[in-house]
Amino acid sequence: MCIRRARAGHDSQVQISARGDYAVRASLSLAQAYPALMSAQAIAQDQDMPRKFLEAVLADLRRAGVVRAQRGAEGGYTLSHPPRDVTIGQILRAVDGPLAGVRGLRPEETQYTGAAENLPNLWVAVRAAVREVVDEVSLAELISGRMPAHVRKLTTRPDAWQPR
């Protein structure tokens, strides 16, 4: 996830990469099948995503300990932990690194002078706000639709579904 600067005609945005989106979707498929194994091909078909790209994402998730792989004819992938113990934040960090980056730096590493000297405080607050959502929602909660109340409440705000 990255904090992006405004482009012509677009507001600044928090960006979820394709890699992060695919990782969460693949993890949701694995969570639904847990503890059974799923092949990369089955996940790709379930989520309508390219298998080669998915395999690279699954490798990142495996290296981070989010999923485990089993080789062989009956092999495939499964979550390393029950779906209730895996958060969306863990998955995003596994494939994209830190949740909020500013010009390739972590928010607390930024430094500004003059009128912008307090900007690092805002970037840290943005990261904290993102954490309050992605680190508080497990795969099991997302599959069931029973996310924490504070997360559900965010989706009911009048402008939540409107682009700005």
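Pro107 and Ala100 make their closest contact through CD-O, 3.1 Å (heavy atoms, listed as atom of the first residue, atom of the second, distance). Taking each heavy atom of Glu141 and Ser144 in turn, the nearest pair found is O-OG, 3.1 Å. The two residues Leu99 and Gly89 make their nearest non-hydrogen contact at CD2-O, 4.4 Å. The heavy-atom pair separating Ala31 from Leu79 by the smallest distance is CA-CD1, 3.6 Å. Ser17 and Gly20 get closest at one heavy-atom pair: OG-N, 2.8 Å. Summarising the geometry of Met49 relative to Leu54, their closest heavy-atom pair is SD-CD1, 3.6 Å, with the distance given to 0.1 Å.
Pairs passing the ring-ring contact (aromatic ring centres under 6.0 Å, His included) check and including a residue from residues 25-54, sequence neighbours excluded, read Tyr22-Phe53. Sorted by first and then second residue, the ring-ring contact (aromatic ring centres under 6.0 Å, His included) pairs involving residues 127-149 (not counting sequence neighbours) form an empty list. Within the structure, every pair that satisfies the side-chain hydrogen bond (donor to acceptor under 3.5 Å, both in side chains) test and touches residues 153-163, not counting sequence neighbours, is listed here: Asp159-Arg164. Residue pairs meeting the side-chain hydrogen bond (donor to acceptor under 3.5 Å, both in side chains) criterion with at least one member in residues 71-80: none, sequence neighbours excluded. Listed by first and then second residue, the salt bridge (charged side-chain N to carboxylate O under 4.0 Å, His left out) pairs involving residues 23-41 are Asp21-Arg25 (not counting sequence neighbours).
Rounded to the nearest 0.5 Å, atoms CD1 (Ile43) and CG (Leu30) are 4.0 Å apart. Note: Leu142 CG to Ile88 CD1 = 5.0 Å, rounded to the nearest 0.5 Å.
Hydrophobic clustering (side-chain heavy atoms under 4.5 Å, transitive across Ile, Leu, Val, Met, Phe, Trp, Tyr) keeps Leu37 apart from Leu58.
Remark: Ala56 pairs with Arg19 by the side-chain contact (heavy atoms from CB on, under 4.5 Å) rule, at least two apart or across chains. Glu55 is linked by a side-chain contact (heavy atoms from CB on, under 4.5 Å) to Ala40, Arg51, Lys52, counting only residues two or more places apart in sequence or in another chain. Checked against side-chain contact (heavy atoms from CB on, under 4.5 Å), Ser39 has the following partners two or more places apart in sequence or in another chain: Gln41, Ala42. Considering only residues two or more places apart in sequence or on other chains, Ser27 meets the side-chain hydrogen bond (donor to acceptor under 3.5 Å, both in side chains) condition with none of them. A search for side-chain contact (heavy atoms from CB on, under 4.5 Å) contacts involving Glu109 returns Leu105, Arg106, not counting sequence neighbours. Scanning for side-chain hydrogen bond (donor to acceptor under 3.5 Å, both in side chains) contacts around Arg63 gives Asp60, with sequence neighbours left out. With sequence neighbours excluded, the residues that form a side-chain hydrogen bond (donor to acceptor under 3.5 Å, both in side chains) with Ser29 are Asp46, Gln47.
At least one donor-acceptor pair closer than 3.5 Å links the side chain of His150 to the backbone N or O of Glu132.
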